[in-house]
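The chain is numbered in sequence order, starting from 1.
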Amino acid sequence: MTKEEIEVSLNTIDAVALKRCFISGANNINNNKEYINELNVFPVPDGDTGTNMTLTIMTAAAEVERLEKPTMDSLAKAISNGSLRGARGNSGVILSQLFRGFCKDIKGKTVLYPLDIALAFSRAVDTAYKAVMKPKEGTILTVAKGMSEKASELMESDDPIDMISFGEQVLGYGEEVLEKTPDMLPVLKEAGVVDSGGQGLVEVIRGVLLALKGEDVGAGEGAAVQKPKAKPSFKEIDFSGSSNDHISTADIKYGYCTEFIIMLDKSLADEEVEAFKEYLLSIGDSLVCVADEELVKVHVHTNHPGLAFEKALTYGALTKMKIDNMREEHTERVILHEERTKEKESAEPVKKIEVEKATHVPKPSEPPKKYGFVAVAVGEGISNILKDIGIDHIISGGQTMNPSTEDILSAVKQVNAENVFVFPNNKNIILAASQAAKIYKEKNIVVIPTASVPQSISAMIEFNADADPEANKEAMSIVMETVKTGEVTYAVRDTSLDGKNIKKGDIMGIDGGGIAAVGEDINDTTAALVENMIDEDSGLLTIYYGEDIEKEKAEELVASLGEKFEDVEIDLHYGGQPIYYYIISVE
């Protein structure tokens with residue numbers, strides 16, 4: 001290699017090198033996601049920032065990995081589209097927007113110089129800030145902006161700079177900004193942590209820099225980047241079985257068909273997989289459990305889906321969660337089968353021939369209805385309530401697992417309607433839903449920014465089929481703001497927040513203002529939360545009890561609250577949600 005060629009290689013990145021750098025960055029945040037999760041201010045048992053950012057970038061990394069002969073344009077498309085559709089949670093959406101802005105600026109280039117990186121970084125930050133309605137400093141946005149400003153500053157110098165030195169200084173300044181985030185957000189200072197999203201971005205850039213130095217970060221601790229092995233995809237594994245229409249519902253011992261995928265924190269040893277299988281068989285049957293180094297796909301019939309989810313969460317984050325009531329579905333299949341049998345028996349031979357001929361003629365699809373509805377929720381009871389009030393499709397997820405932009409798009413496509421209203425039902429899903437609305441143009445997607453299931457219920461009640469989409473959006477958005485929502489769950493770690501010292505295992509009552517109550521008893525803590533939420537204008541209190549709460553215990557709570565708040569009407573419903581003992585709605 002000539003002197004000139006050496007200088008060029010030190011000062012530029014081509015498409016092959018960029019592919020390596022991106023995969024290294026993705027692997028680095030994946031390897032550190034649990035550390036990032038622990039930086040989350042709220043100690044609740046949910047997917048958390050590290051998990052959401054990892055799932056976002058790993059979707060893009062999978063697209064990048066497929067490129068055998070990458071060009072800058074093909075890389076830009078793979079990174080942008082993959083992260084856009086895989087984006088989960090606010091942090092994941094912001095990360096995808098950073099990639100989107102960066103990729104727009106590198107298209108059409110053969111190699112990237114430090115100046116190209118600086119300009120692309122600047123566009124990345126502009127794109128991300130524009131994607132957030134009310135940007136907040138002390139977050140991933142601040143860290144990204146600091147890195148971008150440092151990159152631009154380095155380009156103002158007349159002294160030449162090689163790519164590695166450029167990357168080291170940009171990363172170093174990003175770490176300095178990250179350390180200052182507690183000074184920008186008091187809630188971070190009280191909890192004694194830096195911003196988790198900012199930490200995630202730093203880990204991505206650290207992985208990129210290591211690849212520039214020839215120290216590519218692998219998919220595991222110290223492992224080299226591996227090509228996908230030639231084996232069946234989890235998507236190719238069929239969990240469906242033969243029809244059981246002849247079985248009585250009384251003979252169905254385990255009523256809920258439960259499926260999910262575990263994104264493993266670390267590879268499981270054979271004995272760990274066997275122990276997990278034994279646990280699932282202790283609470284159910286019809287088990288299919290397939291594991292590899294990164295994922296475990298599970299199908300099990302059980303009466304307690306939440307127990308399966310809880311156990312699975314000890315191994316990693318969950319995705320593709322699905323729960324079906326087999327007794328209900330079985331009854332519907334039997335009725336349909338009987339109806340079809342009667343139709344066949346009563347049909348004349350001539351009509352049968354006509355039907356057979358008609359099968360060769362394409363059947364016209366049903367015309368789309370004017371309005372359709374999609375909501376994010378989890379829990380059998382809550383799902384049934386939402387279906388009863390008109391929701392067409394429910395995406396399984398919420399606080400315990402944020403669905404991706406692609407998940408939301410898939411749900412919208414399944415609803416045969418011209419205008420599809422989407423209820424995210426979680427603050428951390430609103431950005432992903434909004435992103436879906438921007439990139440899908442075949443239908444009019446209207447996102448109602450609900451932060452909870454109770455808000456979506458009130459919004460649906462306000463819906464007027466005779467009004468236009470914009471009028472409905474305005475009316476729904478107004479009424480949802482009148483709904484206060486509270487949740488009761490447990491702490492997964494020790495922390496100090498909202499002036500309260502919280503220990504792992506404590507029961508927490510959380511409302512719109514933060515952690516309102518902490519205690520050791522579920523009902524007592526819930527009562528304290530309700531007391532904090534109710535004021536003189538409150539007229540209706542609705543309580544949804546989760547799968548871990550017995551009906552009698554929930555009724556005891558209602559009785560005690562009824563004595564204390566005599567002027568407030570109290571409704572009790574089975575929600576069946578995992579993780580959260582109670583969901584509270586006050587109107």
Side-chain angles (χ1 to χ4, degrees), residues 41-44 133-134 136 186-187 190 377 381-382 385-386 389 398-399 423-428 430 448-463 474-491 496-502 506-546 549 553-575 577 580-587:
V41 171
F42 283 94
V44 294
M133 291 292 291
K134 295 179 180 179
K136 185 181 293 185
V187 68
E190 183 181 5
I382 286 175
I385 291 170
L386 290 173
I389 62 175
Q399 190 72 4
F423 302 97
N425 292 340
N426 188 290
K427 289 181 179 179
N428 212 29
I430 294 173
I448 307 299
T450 50
S452 66
V453 167
Q455 284 189 337
S456 67
I457 292 173
S458 294
M460 277 298 294
I461 293 172
E462 188 69 15
F463 172 73
E474 183 178 357
M476 288 175 160
S477 298
I478 290 173
V479 74
M480 77 174 202
E481 293 293 343
T482 66
V483 180
K484 300 177 185 176
T485 303
E487 298 166 320
V488 180
T489 185
Y490 58 91
S496 176
L497 191 63
D498 296 334
K500 299 176 177 64
N501 291 320
I502 301 168
D506 281 351
I507 307 301
M508 302 181 298
I510 306 169
D511 62 12
I515 298 179
V518 178
E520 297 180 357
D521 181 82
I522 297 173
N523 276 9
D524 289 346
T525 305
T526 304
L529 171 65
V530 170
E531 186 172 359
N532 188 70
M533 295 173 65
I534 287 182
D535 57 31
E536 58 184 14
D537 296 324
S538 302
L540 175 63
L541 167 63
T542 307
I543 301 174
Y544 304 88
Y545 63 96
I549 296 293
K553 187 175 183 69
E555 289 173 340
E556 290 175 7
L557 174 66
V558 170
S560 64
L561 291 173
E563 295 176 0
K564 193 164 189 175
F565 304 104
E566 297 179 352
D567 296 330
V568 178
E569 180 183 349
I570 304 178
D571 285 345
L572 178 66
H573 299 279
Y574 172 63
Q577 68 276 3
Y580 290 83
Y581 302 118
Y582 292 106
I583 294 177
I584 309 295
S585 171
V586 176
E587 300 177 61

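A distance-only check finds a donor-acceptor pair linking the side chain of K500 to the backbone of I515 [under 3.5 Å]. Between the side chain of D535 and the backbone N or O of S538 there is at least one donor-acceptor pair closer than 3.5 Å. Side chain of S477 to backbone of E474: no donor-acceptor contact under 3.5 angstrom is found. Side-chain N or O atoms of T450 include one that pairs as donor or acceptor with a backbone N or O of N425 at under 3.5 Å.
When all heavy atoms of M476 and E462 are compared, the closest pair comes out as N-CG, 4.4 Å. Between A459 and V479 the shortest heavy-atom distance is CA-CG1, 3.9 Å. Taking every heavy atom of both residues into account, Q455 and V483 meet most closely at NE2-O, 3.7 Å. Nearest heavy atom pair, residue T525 against residue G509, reads CG2-N, 3.8 Å. Minimum interatomic distance between A491 and I502 (heavy atoms only, all atoms of both residues): CB-CG2, 3.6 Å.
Here I583 contributes atom CD1 and T485 contributes atom OG1; the two are 8.5 Å apart, rounded to the nearest 0.5 Å. Once rounded to the nearest 0.5 Å, the distance linking OG1 of T526 with OH of Y582 reads 5.5 Å. Between the CG atom in N426 and the OG atom in S452 there is a gap of 9.0 Å [rounded to 0.5 Å]. To the nearest 0.5 angstrom, L540 atom CG is 9.5 Å from I534 atom CD1. Distance CG/D524 to CG/L557: 9.5 Å, rounded to 0.5 Å. Note that the CG atom of D537 and the NZ atom of K484 stand 7.5 Å from one another [nearest 0.5 Å].
For K553, the NZ atom is densely surrounded, since the number of other residues' heavy atoms within 6.0 Å is greater than 12.
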- [ ] For the pair F463 and I389, evaluate side chain to side chain contact (heavy atoms under 4.5 Å, CB included) and give the outcome as yes or no after the intermediate values.
- [x] CA-CA 10 Å; F463 172 73; I389 62 175; over 6 Å; no
- [ ] Kindly indicate, with the supporting measurements, whether the criterion side chain to side chain contact (heavy atoms under 4.5 Å, CB included) is fulfilled by L561 and I543.
- [x] CA-CA 11 Å; L561 291 173; I543 301 174; 3.8 Å; yes
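Contact of the D521 side chain with the I507 side chain is not registered, since no non-hydrogen atoms from C-beta on lie closer than 4.5 Å. In this structure, I457 and L386 have side chains that are in contact, with non-hydrogen atoms separated by less than 4.5 Å. The closest side-chain heavy-atom distance from M460 to F423 is below 4.5 Å.
The aromatic rings of H573 and Y544 sit parallel to each other, their planes meeting at less than 30°, with 60° as the upper class boundary.
Two rings, from Y545 and Y574, have their centers less than 6.0 Å apart.
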